[in-house]
Number of protein chains: 2
Amino acid sequence: MGILIKDLGERGLLPILQKFCPPGIVGDDGAVILLDPDRQLVVSTDVLVDGVHLSVGLARPNLITTSGADAGWRAATANLSDLAAMGADPLGITVGLGIPETCPLDLITDLYQGLYDCLQLHRTVIWGGDICRSPVLTLSITALGQASPHQVIYRHRAQVGDLILTSGIHGASRAGLECLSHPEWGQAFPNHCRQTWIRAHQRPRPRLDLLPALRSLPQGTRISGMDSSDGLADAVIQLCQASGVGGQLHRENLPLIPELEPSLALEWGLYGGEDFELVICVDPVAADTLIQTSPFRIIGTIIPQPGVTLETGEGNLTISDHQSFQHFG
Amino acid sequence: MGILIKDLGERGLLPILQKFCPPGIVGDDGAVILLDPDRQLVVSTDVLVDGVHLSVGLARPNLITTSGADAGWRAATANLSDLAAMGADPLGITVGLGIPETCPLDLITDLYQGLYDCLQLHRTVIWGGDICRSPVLTLSITALGQASPHQVIYRHRAQVGDLILTSGIHGASRAGLECLSHPEWGQAFPNHCRQTWIRAHQRPRPRLDLLPALRSLPQGTRISGMDSSDGLADAVIQLCQASGVGGQLHRENLPLIPELEPSLALEWGLYGGEDFELVICVDPVAADTLIQTSPFRIIGTIIPQPGVTLETGEGNLTISDHQSFQHFG
């Protein structure tokens, strides 16, 4: 039979497929196409499959943690978040939809309503797409954005001495999922916590609101960045690997959920995923500006030694990506 | 249960989903986004599902009419053809891939090789994308192109008195499919016919080569157009409906396969699909220029009465879209 996809995993397959792309293109949240000296087109594609990323109830009717509208909203957020991570303003999205014939129309209109509502909040639109019959509900979204060349944010530019910053709370989406899939677990927490977490899971926001602060830094400021859609640990590891450096995180500075037992807060904060915050690396002067003008906070430092460690106050832990979300393997 | 997708069909679902898009956007082969006064971005999305559009052998192992490389090539052609139909030069494509875990790696690399080879022939590239696990092999391609605003071709501009033109032979891809799926049928024809038809099916070409001829028409020439990916009949019907006019085709002028029995040649020419030729409507002066400078030929006339008829020499037949390709229903 030769090699099967499950033998490789997503990270094994990616480098093989990258050989079919122009060099230097792949590895960020989106691709950057130079349209003219003043304008870059940023393009990002996401595929969501019911039962894998979506749980809208067709594939797994007993695990309905997301309504059609929530699934649409989250798909829009995931794609706008990729644009935010690249420093680009949204131009719009296209939607490729594979639909089972037995799918209720209401589910599809709910999905589009969720997409529409999230896009409208960020003043952007659906530019059409394609629909076709499929045994499994599949949503493939391509987001288009634009930025000036000096505004585009890549992953590979972090340098030793840079500080690592992130926005928002990490772990909230994971806690919201737990409230939905194990309601008895959530009963131990105040109602306002449960509502906040569930909202973080069902209606996450892309951090396009952070772009003005990043753009107000002096022109020429070197920013590396990506979003934390696959978890905070994954984002820091990816940024360090792409830049050929290492990272040291400080546990006391991580934006975790204070209401949770500390080890659970740390686990979900590092590996929960789907928080759609930005994780960036900038020099200390730029970092100082950002923490005063925006919701970014400093969580660590870029160091020469490869790998990512967590300084706990009682020694250093190595942060591996074993727990981070992988689509295969 | 309410309404199911199968109750609506693709054409019933489209107008419902169009309500979530900006007015005037949907209805062409791609969406047109104004970037600046001199440049339009043209975006087109296609979803291909194994067993529905692709027959690469995972979903239907007994019906292998297309290798992975051929499937990739055809997917690239379908998307570049949408750009050609809009009058746009390709900027590149993104690929969203849903893959079963048991899929052989070779099939995926073959698919990408086919995409790559077709794109390279047209001097364009894959700008990354996304891969994820899926129970069914799904390929979602978004093609990006650009054109000057006056070069963009829409469907809705045909006017009474325009002539209908098309390029190439229609029905060849369908004949190629027949040769592959029923080899005994093909034995009745010379080898060079079979090879030509099979090549038309497995390695179709987008008609980007026709854009220079269209652009050499005087600026301001009104061109309506689309591609014949869903069949020649469908293309003429869609152009007429979008423009609020009717069409009369002349049987003796249709570019059919001469070697076939005439009624079969007509059926496959009108309804076969996947020939990826261009179908356009222009005024008679422009039509006269095009037939002298390019492979376009005149096949009919735009008339006021709605509907499309075929003048056979022995009376008029109504051309319905009942036989044309629909993904649902």
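All of these numbers come straight from a predicted model, not from anything done at the bench. The sequence lines fix the lettering, A, B, ..., with proteins before strands; numbering per chain opens at 1.
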Does any N or O in the side chain of B:Ser148 come within less than 3.5 Å of the main-chain N or O of B:His150, such that one atom is a donor and the other an acceptor?
no
Does any part of the side chain of B:Asp117, heavy atoms only, come nearer than 4.5 Å to the side chain of B:Trp73, both counted from C-beta?
yes
Name all residues meeting the salt bridge (charged side-chain N to carboxylate O under 4.0 Å, His left out) criterion together with A:Asp89; count only those two or more places apart in sequence or in a different chain, and write none if there are none.
A:Arg215
Considering only residues two or more places apart or on different chains, which pairs with a residue in residues 90-119 of chain B satisfy ring pair (Phe, Tyr, Trp, His ring centres under 6.0 Å)?
A:Phe20-B:Tyr112
Pairing of A:Arg174 and A:Glu274 as salt bridge, 4.0 angstrom limit:
no
Look at A:Val125, A:Asp46, A:Leu41 and state which one has the largest set of heavy-atom pairs under 4.5 Å with chain B.
A:Asp46
Contacting moiety of B:Leu115, where chain A heavy atoms sit under 4.5 Å:
neither
Relative to chain A, which segment of B:Gln120 carries a heavy atom at a distance below 4.5 Å: side chain, backbone, both, or neither?
neither
Flag the one option from B:Ile108, B:Leu91, B:Ile33, B:Asp7 with the top tally of heavy-atom pairs under 4.5 Å to chain A.
B:Ile33
For the candidates B:Leu97, B:Leu144, B:Ile141, which exhibits the highest count of non-hydrogen atom pairs separated by less than 4.5 Å from chain A?
B:Leu144
Using a cut-off of under 4.5 Å for heavy-atom pairs, which of B:Val95, B:Thr109, B:Leu17 has the most such pairs with chain A?
B:Leu17
Can you say whether B:Leu119 sits under 4.5 Å from chain A via the side chain, the backbone, both, or neither, judging by heavy atoms?
neither
Does any N or O in the side chain of A:Ser243 come within less than 3.5 Å of the main-chain N or O of A:Arg155, such that one atom is a donor and the other an acceptor?
yes
